[in-house]
Amino acid sequence: MKNEKIIQQTMDLHREITKEGLTRRDLLKMGLLSAGTGMLLPISGLSLRAAWADNSCPVPGKDIFSPPTRPWVVELPRLVEKQTVLNNDPAVFDIGNGGGLPAPWAVGTMTGGDSKYRCCEENPELHFATPYPELDHQGWGKGLGLGNQPPQKWYEMRAKQFNHVWHPDMPAGSAGQAAWGFDGVVPGPMFRTRYGEPHFTRIHNDLPQKNLGFGINQISTHMHNLHTPSESDGNPLYVNHSGHYWDYHYPNVYAGVNQFGGIGDPNEALGTLWYHDHKLDFTSQNVYAGLAGMNCIYDAWGAYADPNMGDYGDETKGWRLPCGNNYEFDVGLVFHDRQFDPNGLDFFPLTCFDGAIGDKITVNGKIQPFMPVKKRKYRFRLLNMGPSRQYEWFFNNGQPFVVIANDGNLLPAPVLVKSIKQSVAERFDIIVDFSQFQPGTEIILLNRAEQVNGRGPTGNLLSPGQQVLKFIVTSDAFGVDESRIPAKLRPLPSITQAVSQKRTWKFERSGGEWVVNGKPFNRDVVSATIPEGSAEQWTIINGGGSWMHPVHIHYEEHRYLSYNRATPEPTARGRKDVIRLDANAQCEIYMRFRDYKGLYPMHCHNVVHEDHAMMVMFKIV
Amino acid sequence: MDRRSFLSSLGLVPLVTAMPSEAKAQEKLSVGKSLSRAAQAGYLPNVPLLTHHGERVLFYDDLIRDRTVLFNFFLVGCPDGLCPTTTANLRDAYDLLGDRMGRDIFFYTITLTPIVDTPKRLKEYAENFSIKPGWLFLTGKPEDIELLRRSQGFADSDPERDADLSNHTGMARYGNDNLERWGAISVRSKPSNIASTFKWLTA
């Protein structure tokens with residue numbers, strides 16, 4: 001009997017048994033239970049688990065199948081644009097005297113409110129994770145930390161459970177099924193922020209105690225990869241408990257404030273960021289549940305004296321990158337592969353250590369959506385939300401496209417390509433010009449990377465590949481396309497500051513766990529103590545096996561000095577925060593640690609590896 | 001229990017009469033109780049096991065259901081010598097969890113070499129570590145142990161690495177089946193960290 005059928009029958013059987021409340025004796029009588037093992041027997045004599053018991057990870061398309069869904073029946077949803085609180089008025093927050101601290105409740109009396117108090121009451125060791133025991137916000141003012149950048153924009157966001165329709169053909173239909181997400185959408189809302197405009201976000205945890213069969217109702221929301229004080233970074237050691245909130249202060253300064261003064265060096269600008277849950281041991285489950293979203297940050301007005309420079313979110317200014325009114329042509333695309341059981345219910349391989357991959361690739365929360373596009377240039381911000389799949393993107397007509405940013409950071413010059421590889425957590429900003437096409441033209445975005453398990457791509461190119469997103473060129477009016485593809489973009493900052501320390505980090509599997517330098521993550525160990533303002537050279541090694549590790553280092557980005565003893569590919573010659581560490585690869589990177597202090601992690605962003613426990617903590621002092 | 005009766009209890013040699021405890025164990029799936037999704041999906045196979053006290057138990061019904069648990073794999077004849085240190089580490093975590101141990105929190109340590117690690121041998125091992133109630137050392141039929149090991153991901157997709165048993169002793173699975181929360185932690189973690197992990201499982 002085919003695995004698909006076995007699985008279907010077993011799932012049906014389990015549901016029937018649950019519904020009928022049958023006893024073990026009933027089951028034995030019916031011949032549905034093995035007297036020896038107590039295992040349920042589907043008709044063929046195999047349990048669901050037995051279909052993939054020889055390998056603890058079910059292979060999508062072989063061991064488990066999602067229900068069929070028709071392509072191109074759902075229009076791609078735009079990410080919801082995040083709005084400030086009413087009238088941008090911080091009065092709603094009750095944040096005391098404006099110093100970033102909530103009202104001074106005594107530790108031990110908290111029944112709600114700010115999770116920071118509960119976090120440190122329950123786990124006193126976390127009390128020392130930030131440089132300031134009072135857990136105040138660096139960069140807010142009050143003489144703590146650096147600068148005085150109190151918030152100007154005020155946001156509030158809620159993590160909660162809601163029903164989501166991944167595809168209307170799913171058995172759940174238009175009612176959808178439970179998901180977790182910020183503000184009740186998956187992916188969460190799109191923030192549009194700006195350097196020089198610090199912002200504050202209070203994230204409420206309204207998640208229920210009962211989960212989706214995976215996940216945990218405790219979160220820590222990481223802003224990947226903002227130049228953020230550690231207490232607002234979303235460190236996995238912090239816990240924002242259900243029924244509580246955590247206040248995040250994002251000073252929105254460029255790196256290099258201490259060096260350059262003001263709000264830092266605009267050549268250090270980030271651009272396409274994302275936020276996601278980072279709860280220790282549960283990141284993969286909670287992100288898979290839907291707790292992730294995007295954040296774009298634009299240059300401070302006048303960041304560059306040269307009026308032809310700058311990424312302002314305005315296609316008539318600076319580099320004039322595609323944007324339009326209300327960001328119509330500056331579009332976030334979040335890719336997230338999911339697995340469903342044959343009944344269309346969410347499936348997460350709870351005990352598979354290699355990683356979790358699914359046979360349905362969603363874009364902005366929908367399976368195989370279509371997007372009507374106008375005859376002009378678009379800026380797409382591609383995010384691989386994970387949990388474990390690496391993509392290799394092509395257009396079905398073979399047309400080239402322009403990469404302008406890697407990991408959200410604009411490159412020194414655009415790079416024309418026909419394909420890009422994208423590992424988990426990597427971001428690519430690309431410009432696609434649809435002006436050359438007749439209305440009605442259909443162009444399909446394909447993933448051609450073959451990947452059968454969480455280890456990483458096999459290296460084979462699928463032909464023709466998985467169809468993920470269809471663009472349909474319309475004849476709709478759009479005014480004038482004032483955007484440009486400039487010959488040059490953001491200059492690279494100099495990296496001539498002397499290296500004060502070299503370190504080596506080896507990522508590998510050992511003792512049934514994922515380890516860095518031979519050890520799984522230990523909450524009490526700080527693996528590197530680094531003086532603020534210093535530069536270091538790190539060697540990152542993949543310790544073997546055929547596993548691929550997308551390594552993410554929080555805080556400042558890195559620059560490749562070499563990748564496998566050679567110059568990295570052209571799109572990777574800028575600033576990056578994710579290293580696509582291929583099997584047996586080794587690279588040397590240049591790192592700086594400027595401005596804020598505190599604890600930050602480095603970890604594998606195959607989030608299943610991260611949870612088990614491929615992570616280290618470093619501390620900037 | 002001697003070796004022969006141990007093997008008998010696992011069905012490896014013919015028995016004259018069925019063990020009375022087996023019939024009892026079969027009654028344990030109580031009326032109206034549903035399986036958690038993890039159990040439905042086959043992560044928590046209800047295999048019969050023997051405790052270091054020689055009692056027969058069913059993994060899901062008797063050890064996991066309605067409990068907050070931590071379980072790991074080990075072997076008495078530990079090739080890399082690390083198992084005793086991890087047992088000692090877990091015992092320190094046990095002490096920190098105090099009177100919750102055996103009440104709502106349970107530890108299970110399952111042998112990877114069930115043929116040689118008889119209940120008697122496990123009992124000696126447990127006594128060496130002054131193991132107290134709420135913590136069971138478990139053995140069973142090799143194929144059941146194998147199913148348990150693989151379904152919990154204590155396996156390596158590379159057959160050579162998988163054959164090295166020391167690759168399966170570094171980690172413990174922890175969870176709360178009622179709330180369907182499942183995670184993993186290194187058995188070498190500081191005992192206070194292992195203990196504080198249990199706060200997450202009931203909040």
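Throughout, a chain's letter reflects where its sequence line sits, starting with A, and its residues are numbered from 1. What you see is a predicted model; the values in this text were computed from it and never measured.
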Query raised in the report: Between B:Glu146, B:Met171, B:Arg188, B:His168, which has the largest tally of heavy atom pairs under 4.5 Å with chain A?
Result: B:Met171
Query raised in the report: Does a side-chain heavy-atom distance below 4.5 Å link B:Ile64 with B:Phe71?
Result: yes
Query raised in the report: About how many Å separate CG of B:Asp62 and CG of B:Asn46, when rounded to the nearest 0.5 Å?
Result: 7.5 Å
Report task. Answer whether the closest heavy-atom distance between the side chains of B:Leu70 and B:Thr197 falls below 4.5 Å. Result -> no
Query raised in the report: Just wondering, do B:Ile115 and B:Pro142 contact through their side chains at under 4.5 Å, heavy atoms?
Result: yes
Report summary line: The complete set of salt bridge (Lys or Arg N to Asp or Glu O under 4.0 Å) pairs with one or both residues in residues 89-100 of chain B, sequence neighbours excluded, reads B:Asp95-B:Lys132, B:Asp99-B:Arg103, B:Arg100-B:Asp104
Report summary line: Rounded to the nearest 0.5 Å, the OH atom of B:Tyr125 sits from the OG1 atom of B:Thr87 at a distance of 3.0 Å
Query raised in the report: In terms of heavy-atom proximity below 4.5 Å to chain B, should A:Gln209 be classed as side chain, backbone, both, or neither?
Result: both
Report summary line: If you tally heavy-atom pairs under 4.5 Å between each of A:Asn522, A:Val525, A:Asn217 and chain B, the highest tally belongs to A:Asn217
**Report entry** Test side chain to side chain contact (heavy atoms under 4.5 Å, CB included) applied to A:His603 and A:Phe521, step by step
**Finding:** CA-CA 9 Å; A:His603 59 88; A:Phe521 179 62; over 6 Å; no
Requested in this report: Apply salt bridge (Lys or Arg N to Asp or Glu O under 4.0 Å) to the pair A:Arg455 and B:Asp158, showing each step before the final yes or no.
Outcome: CA-CA 11 Å; A:Arg455 284 175 166 249; B:Asp158 174 350; 5.5 Å; no
Query - Residues B:Arg37, A:Asp346: salt bridge by 4.0 Å N-O rule - result: no
Report summary line: Whatever's closer than 4.5 Å to a heavy atom in chain B on A:Trp547 counts as side chain
Requested in this report: Just give me the residue among A:Pro520, A:Ser546, A:Ala613 that pairs up with chain B most often, heavy atom to heavy atom, under 4.5 Å.
Outcome: A:Pro520
Query raised in the report: Relative to chain B, which of A:Gly215, A:Ser284, A:Gly512, A:Ser510 shows the most heavy atom pairs under 4.5 Å?
Result: A:Gly512
Report summary line: Among residues 173-184 of chain B, those lying within the under-4.5 Å heavy-atom range of chain A are B:Arg173, B:Tyr174, B:Asn178, B:Leu179, B:Glu180, B:Arg181, B:Trp182, B:Gly183, B:Ala184
Query - Interface moiety of B:Ser186 toward chain A, non-hydrogen atoms closer than 4.5 Å - result: both
**Report entry** Residue B:Ser36 versus chain A: region with a heavy atom under 4.5 Å
**Finding:** neither
Query raised in the report: Only one of A:Ile216, A:Leu237, A:Val287 clears side-chain contact (heavy atoms from CB on, under 4.5 Å) with A:Lys279; which?
Result: A:Ile216
